[in-house]
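Below you'll find the structure, written out as structure tokens, and then a few comments.
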Number of protein chains: 2
Amino acid sequence: MANRDLHGGLPGPQGGDIGGLLAEVLADMPDAQLHGLEGIARLRDIPRGGVVVTEGGRPDEIGYLIHGALGMQKQLPDGRVHIIGLLVPTDMYGRLFDGPAAYDIVALTDARVLAFPRDAFERILVSSPEIERRFLVNVLDELDSAREWILLMGGHKIVERLASFLLILLRRMLRGGRHRVPGAPIMVRIPIRRVDLAHYLGTTPESVSRALHELEGQGLVRLRDAYEIEIADLPGLVRVSGADHLGAERAG
Amino acid sequence: MANRDLHGGLPGPQGGDIGGLLAEVLADMPDAQLHGLEGIARLRDIPRGGVVVTEGGRPDEIGYLIHGALGMQKQLPDGRVHIIGLLVPTDMYGRLFDGPAAYDIVALTDARVLAFPRDAFERILVSSPEIERRFLVNVLDELDSAREWILLMGGHKIVERLASFLLILLRRMLRGGRHRVPGAPIMVRIPIRRVDLAHYLGTTPESVSRALHELEGQGLVRLRDAYEIEIADLPGLVRVSGADHLGAERAG
DNA sequence: CGAAAACATTGACGGTGGTCAATGCTTGAC
DNA sequence: GTCAAGCATTGACCACCGTCAATGTTTTCG
């Protein structure tokens, strides 16, 4: 069942145009720098459930996610799992100049990543201020995402959290290049299973299901199937989310 | 009432040894670099409730917290407040190479900060790879704190969250130089009021109070007063917290 | 010192959501 | 096609916590 199409399909059987992918992931980077990276990049496919980085292990690669979804998750002593970060395409993972990873990174869907050996990546980073600055900005972005997530987790009611989640997802999709067609309905694809989403929102699959169908009952969204969500009333959804999430509106 | 001693007292009426503070905050930084920064540093006292950075405004300074506690907080449209980050001494605030702030930063207690004008700081950063690398590590640390916090917010029961909070606080205190005296009881000072703590844990002052006294009832902590907490049973507290928080134990 | 203000705590009550269990639905294998 | 596995959904029950209100406690100020 790992082949279930949660990730929207891979572009081709291999689609191995590394240079093109690099340019896409690291937009506005001078070509000269890109070529240095291209030499050491490696394309890797990971089946759902596959572990990319293990907690406690010293990750030996830095990577950019091309397709699918990765989750940064932590196993609690009592068996529960909590997902503390979701990676969608163009997001980066891996640690630099730093100790062991504090959490696992696992593939929540079949995924494809563009990976760099850690040491080589660090060498290039040190020798090239542009890339290092770029990387710094990446980390600052991640920090923003994390803070955004903390804010989301502060919403007490699950419906709030779920609405926030959908809006964050929407904004990230829009950021990722695709633009809204004025007339067409706004669609969001939840890239992960209910269990994972529940772990992510700090709740249970049951509650996620209920919340989702409550939003549908209020006419704010429509469920094509369990994963394809149509946003029927964006301002309404924003209102329910509690936070402002103006970014989602501006980005439209 | 702004003079209530939540922050452990300031070292002196002015205590303005900027060089010494810098060396403390930026440990393991070559002296040459420190002198460049010393010239532009400015010591600033902020009363409780004072706003350090305003959401949406372009922060014009970068600072390190010397004493007290700062909160990064967001005002929700419905009037609720949510604190998404707590800054304790040696933590850094401010944004570089970047847009407007996404949240307010306010003083939760009377506080003292070591501030740098943003542009001058950026100039020094660009011209000095050591400091830039150092700054990058700072940001990575912040990212860790944020993730840790997300994990904490995942704990469903308030007692769990509170236990995690105490452990995080304990570890940060230990990191800050002070070491445990083997015989003496482990003391943690909650640096902020109940309301702020509640906003921070995503709950209410009432629930915080209840949770705290429940921990006391279980013999895990003892309350000297509302702010001075004695950790009576560290392993027990770790167990309740759900997460592992091994750092707190190792650091002892 | 006495009064008022700011906080913390405690109590009662109702709603949200976690838990356990049963039922549907979809996919993939034979 | 049928069957089984993997998920999603729905329902019932009850613990936990948010809310409102009252009481204690500490600090501040006249």
ask   = Just to confirm, is there a sub-4.0 Å distance from OP1 or OP2 of C:dC7 to any side-chain nitrogen or oxygen of B:R48?
value = yes
Are there any protein N/O atoms within less than 3.5 Å of an N/O atom in nucleotides 20-25 of chain D, and if so, which ones and at what distance?
| from | atom 1 | to | atom 2 | distance (Å) |
| --- | --- | --- | --- | --- |
| D:dC20 | N4 | B:E206 | OE2 | 3.2 |

remark   = If each end axis of the helix from C:dC1-D:dG30 to C:dC30-D:dG1 is fitted on five C1' pair positions, the angle between them, to 10 degrees, is 40°
query = With a 4.0 Å cut-off, would you call B:E160 and A:R80 a salt bridge?
reply = yes
task = Indicate yes or no for a side-chain donor-acceptor contact from A:R161 to the backbone of A:L201 under 3.5 Å, with no hydrogens or angles considered.
result = yes
key: N/O (side chain, A:R193) to phosphate O (OP1/OP2, D:dC7) under 4.0 Å   = yes
query = What class does the angle between the rings of A:F165 and A:W149 fall in, given that below 30° is parallel, 30 to 60° is tilted and above 60° is perpendicular?
reply = perpendicular
query = What is the distance from CG of B:D225 to P of D:dT26, rounded to the nearest Å?
reply = 9 Å
query = Considering heavy-atom distances to DNA chain C, does B:H213 or A:G202 have its closest nucleotide positioned more toward the 5' end?
reply = B:H213
query = Quick one: A:H156 NE2 to D:dC17 P, roughly how many Å, whole number?
reply = 12 Å
note = Ranking A:L223 and B:T203 by the position along DNA chain D of their nearest nucleotide, the one closer to 5' is A:L223
message = For a side-chain contact (heavy atoms from CB on, under 4.5 Å) check, start with the C-alpha distance between B:I66 and B:V113, then their side-chain angles and the critical distance, and finish with the verdict.
response = CA-CA 5 Å; B:I66 304 297; B:V113 301; 5.6 Å; no
